[in-house]
Amino acid sequence: PRKNQLSQELAEHFKCAIALKPASTKGGYDQIYLAQSGKEIVAVVRVNNPHKLSTDPIGPEDPAIPLGNEERLEREWQAYETLSPHGLSPRPLWRCQDAIACSWLDWKRLSTQMTNPRLDPIAIQMSLLCSVRRMHDLGITHLDLNLGNFLIRPGTMQLAVIDFEFGPVSGIDPGQQMAFDYLKIIQDSLRP
């Protein structure tokens, strides 16, 4: 029922009929949909789903924790508001209490492109680290950086970061959060 209500709310916002189609995702805490008008994708929609079970191996020493439903949406919205004017994330478009919509980027996940023989792995790493630095310079940390949370624009080295689902545990300062971001993305980049 909520999916149908959201389709109507989005149709009013975008002033066209909207169908919500499940996006192909690996996990996460929310349901992700593509908002389509006919064959055109007009937005990506993150919806809190109280029935979705997710398990992340969060240890007692980890500096990040999964956020609650409303906190998660707020963190992603704020990150996109800050990063999108700089080309570092999708644009936030619409929100309500249990969902947000952002612009659709028809880009590939960086995790699927690391073995693409047409892409220079050194150039990708340089672009990746530069994107993380720019994100940090704008006051945003991620706390779950992995190659799947970056999108790469086809034919370029332009990256966008997505999926802000974690927040810092108490007592972790911004410098420690930034260091953790770098360590997480380096660790993920070194996987076979």
Side-chain angles (χ1 to χ4, degrees), residues 1-54 56 64-113 131-132 134-136 138-154 156 158-168 181:
R2 183 62 183 131
K3 181 180 163 190
N4 292 336
Q5 291 171 342
L6 283 172
S7 292
Q8 291 174 353
E9 292 173 33
L10 288 163
E12 289 174 20
H13 176 77
F14 288 110
K15 298 183 180 11
C16 60
I18 295 290
L20 292 176
K21 307 288 184 188
S24 59
T25 59
K26 284 186 5 181
Y29 294 90
D30 297 307
Q31 194 69 39
I32 308 297
Y33 292 100
L34 300 178
Q36 292 184 269
S37 177
K39 293 186 179 186
E40 179 187 2
I41 299 172
V42 296
V44 176
V45 182
R46 175 184 290 271
V47 182
N48 289 154
N49 182 347
H51 307 291
K52 186 173 183 186
L53 299 176
S54 294
D56 270 320
I65 55 171
L67 296 171
N69 289 343
E70 290 180 22
E71 293 174 290
R72 206 166 41 250
L73 294 179
E74 179 64 21
R75 179 153 165 81
E76 184 146 309
W77 184 267
Q78 292 299 322
Y80 288 177
E81 275 192 327
T82 301
L83 299 175
S84 65
H86 302 276
L88 292 170
S89 76
R91 272 181 304 113
L93 302 173
W94 173 90
R95 70 186 294 181
C96 65
Q97 185 175 352
D98 63 347
I100 62 172
C102 66
S103 60
W104 161 249
L105 299 178
D106 192 13
W107 300 6
K108 306 275 186 202
R109 288 204 186 246
L110 187 56
S111 56
T112 67
Q113 298 300 298
S131 294
V132 174
R134 290 178 61 212
M135 178 180 73
H136 289 167
L138 293 165
I140 304 293
T141 57
H142 192 284
L143 302 173
D144 187 33
L145 278 185
N146 60 66
L147 298 172
N149 285 338
F150 279 91
L151 303 175
I152 184 168
R153 186 177 189 175
T156 73
Q158 183 181 354
L159 300 175
V161 64
I162 58 172
D163 291 343
F164 290 82
E165 298 180 309
F166 289 78
D181 276 351

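From a predicted model like this one, the values you see are computed outputs, not experimental measurements. What you see below is based on every heavy atom in this structure, not just the backbone, and it leaves out hydrogens, waters and symmetry mates.
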Between W104 and V42, is a side chain to side chain contact (heavy atoms under 4.5 Å, CB included) present by the stated rule, with each step listed?
CA-CA 6 Å; W104 161 249; V42 296; over 6 Å; no
Heavy-atom check, side chain of L143 versus side chain of P168, under 4.5 Å:
yes
For the CG atom of N49 and the OH atom of Y33, what is their distance to the nearest 0.5 Å?
7.0 Å
Between R95 and E74, is the closest basic N to carboxylate O distance under 4.0 Å?
yes
Strictly distance-based, threshold 3.5 Å: is any side-chain N or O of H86 a donor or acceptor partner for the main-chain N or O of L88?
no
Between S103 and V44, what is the shortest heavy-atom contact and its length?
O-CG2, 4.3 Å
Is there side-chain contact between V45 and I100, with heavy atoms separated by less than 4.5 Å?
no
Side chains of I162 and Y80: does their closest heavy-atom pair fall under 4.5 Å?
yes
Would you check if F14 and S37 make a side-chain contact, meaning some heavy-atom pair closer than 4.5 Å?
no
Would you compute the distance between atom SG of C102 and atom CD of E76 and round it to the nearest 0.5 angstrom?
6.5 Å
Straight-line distance of I18 CD1 to E12 CD, nearest 0.5 Å:
11.5 Å
What residues, two or more places apart in sequence or in another chain, satisfy side chain to side chain donor-acceptor pair (under 3.5 Å) together with N149?
none
Smallest heavy-atom separation, N146 atom then G148 atom, equals OD1-N, 2.9 Å
Just wondering, are more than 12 heavy atoms of other shown residues or ligands nearer than 6.0 Å to CZ in R75?
yes
If you apply the rule side chain to side chain contact (heavy atoms under 4.5 Å, CB included), what do you find for R153 with D106, and how did you get there?
CA-CA 8 Å; R153 186 177 189 175; D106 192 13; over 6 Å; no
Which atoms form the tightest heavy-atom contact between A101 and A43, and what is the distance?
CB-CB, 4.1 Å
Full working for side chain to side chain contact (heavy atoms under 4.5 Å, CB included) between F150 and V132:
CA-CA 10 Å; F150 279 91; V132 174; 3.9 Å; yes
N-O pairing of E9 and R2 below 4.0 Å:
yes
Check whether T156 reaches the backbone of Q158 with its side chain - one donor and one acceptor, N or O, closer than 3.5 Å.
yes
Determine whether the aromatic ring centres of residues H142 and F166 are separated by less than 6.0 angstrom.
no
Supply the atom-to-atom distance Q31 CD to K3 NZ, rounded to the nearest 0.5 angstrom.
8.5 Å
Is there side-chain contact between S84 and P92, with heavy atoms separated by less than 4.5 Å?
yes
Donor-acceptor contacts, no H, no angles, side chain residues 65-72, under 3.5 Å, sequence neighbours left out:
residue : atom : partner : partner atom : Å
N69     : OD1  : R72     : NH2          : 2.7
E70     : OE2  : Q97     : NE2          : 3.2
E71     : OE1  : G68     : N            : 3.1
R72     : NE   : D30     : OD1          : 3.4
R72     : NE   : D30     : OD2          : 2.8
R72     : NH1  : L67     : O            : 2.7
R72     : NH2  : D30     : OD1          : 2.8

CA sep, side-chain torsions, deciding dist, call: I140, F164, side chain to side chain contact (heavy atoms under 4.5 Å, CB included)
CA-CA 10 Å; I140 304 293; F164 290 82; 3.6 Å; yes
Any non-hydrogen side-chain atom of L83 less than 4.5 Å from a side-chain atom of R134?
no
Are any of the side-chain heavy atoms of L145 and V161 separated by less than 4.5 Å?
yes
Indicate yes or no: at least one non-hydrogen side-chain atom of L6 is less than 4.5 angstrom from one of C96.
yes
Output the distance between atom CG (L159) and atom OG (S131), rounded to the nearest 0.5 Å.
4.0 Å
Is the shortest distance from a Lys or Arg side-chain nitrogen in D163 or R46 to a carboxylate oxygen in the other one below 4.0 Å?
yes
CG of L10 to CG of L93, rounded to nearest 0.5 Å, is 9.5 Å
Which heavy atom of L20 sits nearest to which heavy atom of S7, and what is that distance?
CG-OG, 3.6 Å
For I152 and W107, the nearest pair of non-hydrogen atoms, with its separation, is O-CB, 3.1 Å
